[in-house]
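Comments concern the structure below.
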Amino acid sequence: MRGLMQDWSLLTSKILDHAALYYGDREIVSRSIEGPMHRTTYSEIHSRARRVAKALAREGVREGDRVGTLAWNSWRHLEAWYGIAGLGAVYHTINPRLFPEQIAYIANHAEDKLLFTDLTFVPLLEKIASHLTSIERFVVMTDAAHMPKTSLKKAMAYEDFIAGVDDDFDWATLDENAACGLCYTSGTTGNPKGVLYSHRSNVLHGLAANSADALGLRNRDTILPIVPMFHANAWAIAFAAPMIGAKLVMPGMKLDGPSVYELIETEKVTFSAAVPTVWLMLLQHLEQNNLKLSTLKRVAIGGSACPQSMIEAFEGKYGVEVCHAWGMTEMSPIGTLAMMKAGMEDLPHAERIKIKLKQGRPIFTVEMKIVDDDNKEQPRDGKAFGRLKVRGPAIASGYMKGEGGQVLDAEGFFDTGDVATIDPDGFMQITDRAKDVIKSGGEWISSIEIENFAVGHPAVAEAAVIGLPHPKWDERPLLVCVLKKGASATAADILAYLDGKIAKWWMPDDVAFVDEIPHTATGKIQKVTLREQFKAHKLPTAAE
Ligand code: ADP
């Protein structure tokens, strides 16, 4: 017997309709690329998104066509997302931090028909324009007054692009499984691969990500998504926030400590989300200038492991609750969050921090397990390591145009490429990316955990642990550190600091100091490059 409920397609356009109708006057404030702050509302975004859709239709963009965006977080970018998806086309966010050749590869692979770009990236696009084979028009997200002279094909200012149409446009009636958004993973090995979200996955993920023990956003919240819309589907915020009509503060291109601090205080931000490197810049700014956070209540930290010192600073010093989250582009992207379970609230502070250091428990719609090399499920005892596999309605079933081949196992699980433990309470902890694990004497050493402690040393700004070949143990860890400006520490100081915090046999065999640690386009430590950089490094313990 079938249920007798209405067949209401889960479409992203429904989210914006809801926001405009019930939270129409709620603000979206942006630091514009042109400079000044810009203020609009959900009601205006709704109207302008329909004009975007109508203008795209006039341009010949049809259902299923890809429309690229190369842009920071702003009201125009949000309008573009909803306009593109509302027409039934596919918004394709491109990460501007990728190498120019990768940007060209991705735009061509996706066959983007039109590209919305911020002013910032016009020079970059002009340089690669001759390699962009599918884009028929470039729309620069600005007005006529700020429109630069450019050689880009049929370039037009965004405000002119939508000026020629009104907002009388009916959102496309679509199958909820229709493609909605596209985001390529940075692909540290091989070419970038496209993750293709559907309307259904975006709506379901927005709902799931926003449950009370996940992001838990509320109408009264003021949300600052520092995580760019081009990084892993903006961590669901572009859908979750309008669902409940929260005020949005879009930071534009300025993500440095002082700029972020100013936005938080002037707009009275209560919730924000970013990767650890961005939070590090804010915390340093607060520390150096003896500042307080007067409105911020919670921050989501993910993309890389959140160090203990960061949780302690936010929660202990500034009274801001940390939601440590893990996920990946292929998961829409949120997988787990380290939120306390019933009964854990009363644990001593130090115990709760230990729990928060883990990546956490899955949101509903995410199933997960760890397996060994023979795909045998490993116990959830907090000790057994295994490859982390996931399954759910907002998790990729394959990549754009079949790149990478069959990515699901026989039970439909996707291999995250992460190695993790799961404890009896269901908290998952990432040990490493599978390709970065350090195997010493047949046992795994968690580079993430050592890095986490190392950055707790007062002189250390950033740390990375890599495995180097060793005649006796196969591999032994080398700790690579960047020191804070003006700070000094020796290898012996740092090793002494780690002593007692990690198992004796996890102790790095050596510490090297560098001015900079290489990062990927999404801010992760590029260990392949580091290993290459240190391949001639002789560990003192490796001498025969
Ligand atoms: P990329 O395009 O660089 O792969 P993703 O955001 O999709 O960007 O990267 C996902 C990966 O980032 C995960 O598989 C995991 O290795 C890492 N990651 C994300 N969040 C965390 C976290 N909280 N702790 C440790 N690693 C994390």
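Quantities reported herein were computed from a predicted structural model and do not represent experimental measurements. Values below: every heavy atom of this structure, side chains too, minus hydrogens, waters and symmetry copies. When a ligand or atom number is given, it counts from 1 through the structure's own listing order.
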Below 4.0 Å from ligand 1: does a non-hydrogen atom of H231 turn up there or not? yes
Any N/O pair R433/ligand 1 closer than 3.5 Å: yes
Identify whether the distance between the nearest side-chain nitrogen and carboxylate oxygen of E79 and R76 falls below 4.0 Å. no
What residues, two or more places apart in sequence or in another chain, satisfy ring pair (Phe, Tyr, Trp, His ring centres under 6.0 Å) together with Y91? W81
Need the ligand 1 atom indices (1-based, order shown) with element for anything under 4.0 Å from a heavy-atom of G327. 10 (C), 11 (C), 13 (C), 19 (C), 20 (N)
Can you sort out which atoms of ligand 1 are near A325, meaning under 4.0 Å from one of its heavy atoms? 20 (N), 22 (C), 23 (N)
Classify the ring geometry of H92 against Y184: parallel below 30°, tilted from 30° to 60°, perpendicular beyond 60°. tilted
Proximity flag P333 to ligand 1, non-hydrogen atoms under 4.0 Å: no
Would Y184 count as being in polar contact with ligand 1, using the rule that some N or O on each side must be under 3.5 angstrom apart? no
Ranking A305, A420, G303 by closest non-hydrogen atom to atom 18 (N) of ligand 1, top hit is G303
Scanning both residues in full, the closest heavy-atom pair of F239 with G206 reads CB-CA, 4.5 Å
Return the option from G302, S304, C183 holding the heavy atom at the smallest distance from atom 22 (C) of ligand 1. S304
With atom 12 (O) of ligand 1 as the reference point, say which of Q359, K435, K524, M328 has the nearest heavy atom. K524
Would you please test W72 and F121 for ring pair (Phe, Tyr, Trp, His ring centres under 6.0 Å) and show each step? CA-CA 10 Å; W72 304 104; F121 310 117; 5.5 Å; yes
Report, in ascending order of atom number, the atoms of ligand 1 lying under 4.0 Å from any heavy atom of T522. 1 (P), 3 (O), 8 (O)
So, regarding T185 and ligand 1 (criterion: nitrogen or oxygen to nitrogen or oxygen, under 3.5 Å), is there a contact or not? no
Residues which pass side chain to side chain contact (heavy atoms under 4.5 Å, CB included) with R380, listed by chain and number, not counting sequence neighbours: K369, E377, I422
Can you confirm, on distance only, whether ligand 1 has an N/O atom lying under 3.5 Å from any N/O atom belonging to I301? no
Identify whether the distance between the nearest side-chain nitrogen and carboxylate oxygen of K401 and E111 falls below 4.0 Å. yes
Minimum heavy-atom distance V480-V514, with the two atoms named: CG1-CG2, 3.6 Å
